[in-house]
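Here, residue 1 is the first one in the sequence, and each next residue gets the next number. Because only heavy atoms are used, hydrogens play no part in the values below, and waters and symmetry mates are left out as well, while side chains stay in.
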Amino acid sequence: MEIRENADLVSRLLDTMEHDILPLTEKGVAEGNKVFGGALLRKSDLSLVMAETNKETENPLWHGEVHLLKSFYESPLSKQESTKDMIFLSTHEPCTMCMSAIAWAGFDNFFYFFSHQDSRDSFAIPHDLKMLKEVFGLEPGGYNHDNAFWRGRGIFDVMATLPDAEAKPLLNQAQRIRDHYAQLSDSYQESKDDNAIPLN
């Protein structure tokens, strides 16, 4: 099923971040985890399948996206829902591990709110870009956003294609979400020396 990249989609992705992922992330950050999270939505009606957040204090591989996939495949939902019928929402542009996990799980898409550059500059978490450069020899944004596995899109890139009247309320909501994540990031940075995450 084709995904229509329009105002309705952006509105639903932002609502999912604000009302489903952020409450989980608040709890996760309080436990010493990073601010990253994700959600699965049905392509057919944009309804929520599942939301999750980072759990690296349990296992350094439990990035928001991978922990979401773990939770999904441990749930009866995985026997009832097909990944080809879902949208993958990531709060932050997925790292190389998470991009690969999304592909291995059979998704043909992902959408993200914050970019790799945001993770480095606004969240003081530079590991995504460093991994791209050191392991794969890629500059920021140098991976193929359209490939044989999936199409990866920034939510702000979709918003940039909308008429101003449709984009304005979405940008207002997006700023509210940015502000909330900035507060959570400050909390994480203040406490991260107390956790055992290798790349904190």
Gap between atom [atom2] of [Y] and atom [atom1] of [X] - 0.5 Å precision:
X    : Y    : atom1 : atom2 : answer
S90  : H63  : OG    : NE2   : 11.0 Å
S119 : L129 : OG    : CG    : 7.5 Å
M159 : S11  : CE    : OG    : 10.5 Å
Q189 : L184 : CD    : CG    : 12.0 Å
Q117 : D128 : CD    : CG    : 10.0 Å
M131 : H127 : CE    : NE2   : 8.5 Å

Next item on the list: Would you check, one step at a time, whether the test side chain to side chain donor-acceptor pair (under 3.5 Å) holds for S71 with E52?
Entry: CA-CA 8 Å; S71 297; E52 264 299 353; 3.2 Å; yes
State, yes or no, whether a side-chain contact exists between [X] and [Y] at a heavy-atom distance under 4.5 Å.
X    : Y    : value
T96  : V135 : no
I87  : I3   : yes
I155 : Y112 : no
L48  : R12  : yes
F107 : K84  : no
F110 : L89  : no
T91  : M17  : yes
L171 : K168 : no

Next item on the list: Assess whether atom CG of D164 is packed by more than 12 heavy atoms of other residues, nucleotides or ligands within 6.0 Å.
Entry: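 No, not enclosed.
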Next item on the list: Check the surroundings of atom CE in M50: do more than 12 heavy atoms from other residues, nucleotides or ligands lie under 6.0 Å from it?
Entry: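 Correct, the count exceeds 12.
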Which heavy-atom pair separates [X] from [Y] by the least distance, and what is that distance?
X    : Y    : answer
S185 : S122 : OG-O, 4.0 Å
A174 : L14  : N-CD1, 4.4 Å
V66  : C98  : CG2-SG, 3.8 Å
N33  : E56  : OD1-N, 2.9 Å
T161 : D157 : CG2-O, 3.5 Å
T16  : A39  : CG2-CB, 3.6 Å

Check whether [X] reaches the backbone of [Y] with its side chain - one donor and one acceptor, N or O, closer than 3.5 Å.
X    : Y   : answer
H116 : P94 : yes
T25  : I21 : yes
T53  : F36 : yes

Are [Y] and [X] connected in a single hydrophobic cluster, I mean Ile/Leu/Val/Met/Phe/Trp/Tyr linked by side-chain heavy atoms less than 4.5 Å apart?
X    : Y   : answer
I177 : L24 : no
I102 : L77 : yes
L40  : Y73 : yes
Y181 : V29 : yes

Check: Just checking, is any N or O donor in the side chain of D179 or Q183 under 3.5 Å from an acceptor N or O on the other one?
Finding: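 Distance-only check fails for D179 and Q183.
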Side chains of residues 141-153: which donor-acceptor pairs under 3.5 Å do they make with residues two or more places apart or in other chains?
| from | atom 1 | to | atom 2 | distance (Å) |
| --- | --- | --- | --- | --- |
| Y143 | OH | E93 | OE2 | 2.4 |
| Y143 | OH | H145 | NE2 | 3.1 |
| H145 | ND1 | Y143 | O | 3.2 |
| D146 | OD1 | R151 | NH1 | 3.1 |
| D146 | OD1 | R153 | NH2 | 3.3 |
| D146 | OD2 | R153 | NH1 | 3.3 |
| D146 | OD2 | R153 | NH2 | 2.9 |
| N147 | OD1 | F149 | N | 2.8 |
| N147 | OD1 | W150 | N | 3.0 |
| N147 | ND2 | N144 | O | 2.9 |
| W150 | NE1 | M99 | O | 3.3 |
| R151 | NE | E5 | OE2 | 3.1 |

Note to self: Using a strict threshold of under 4.0 Å (side-chain N to carboxylate O), is an ion pair present between K70 and E74?
What the structure shows: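 Result for this pair is yes, salt bridge flagged.
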Checklist line | Ionic contact status for K43 with E2, cut-off 4.0 Å | finding: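 So E2 does not pair with K43 through a salt bridge.
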Checklist line | Residue pair E139, L132: steps toward the side-chain contact (heavy atoms from CB on, under 4.5 Å) verdict | finding: CA-CA 7 Å; E139 298 299 329; L132 278 171; over 6 Å; no
Notebook entry, point to check: Are F156 and F113 close enough that their ring centres sit under 6.0 Å apart?
Noted result: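 Here the rings of F113 and F156 have centres that are less than 6.0 Å from each other.
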Next item on the list: Could you tell me whether F111 and F88 have their ring centroids closer than 6.0 angstrom?
Entry: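 Distance test on ring centres: not under 6.0 Å, no.
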Checklist line | Set of side chain to side chain contact (heavy atoms under 4.5 Å, CB included) partners for N6, sequence neighbours left out | finding: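 Here the qualifying residues are R4, D8, L9.
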Note to self: Pair K55, E31 - check side-chain contact (heavy atoms from CB on, under 4.5 Å), show working.
What the structure shows: CA-CA 9 Å; K55 288 289 185 179; E31 296 167 356; 3.1 Å; yes
Next item on the list: Could you walk me through whether D85 and R42 pass the side-chain contact (heavy atoms from CB on, under 4.5 Å) test, one step at a time?
Entry: CA-CA 6 Å; D85 297 325; R42 295 175 183 88; over 6 Å; no
Notebook entry, point to check: Under 30°, 30 to 60°, or over 60°: which ring-plane class applies to W62 and H67, parallel, tilted or perpendicular?
Noted result: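 Rings of W62 and H67: tilted, 30 to 60°.
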Note to self: Determine whether K34 and I125 satisfy the following criterion, side-chain contact (heavy atoms from CB on, under 4.5 Å), listing intermediate values before the conclusion.
What the structure shows: CA-CA 9 Å; K34 292 192 184 86; I125 300 175; 3.7 Å; yes
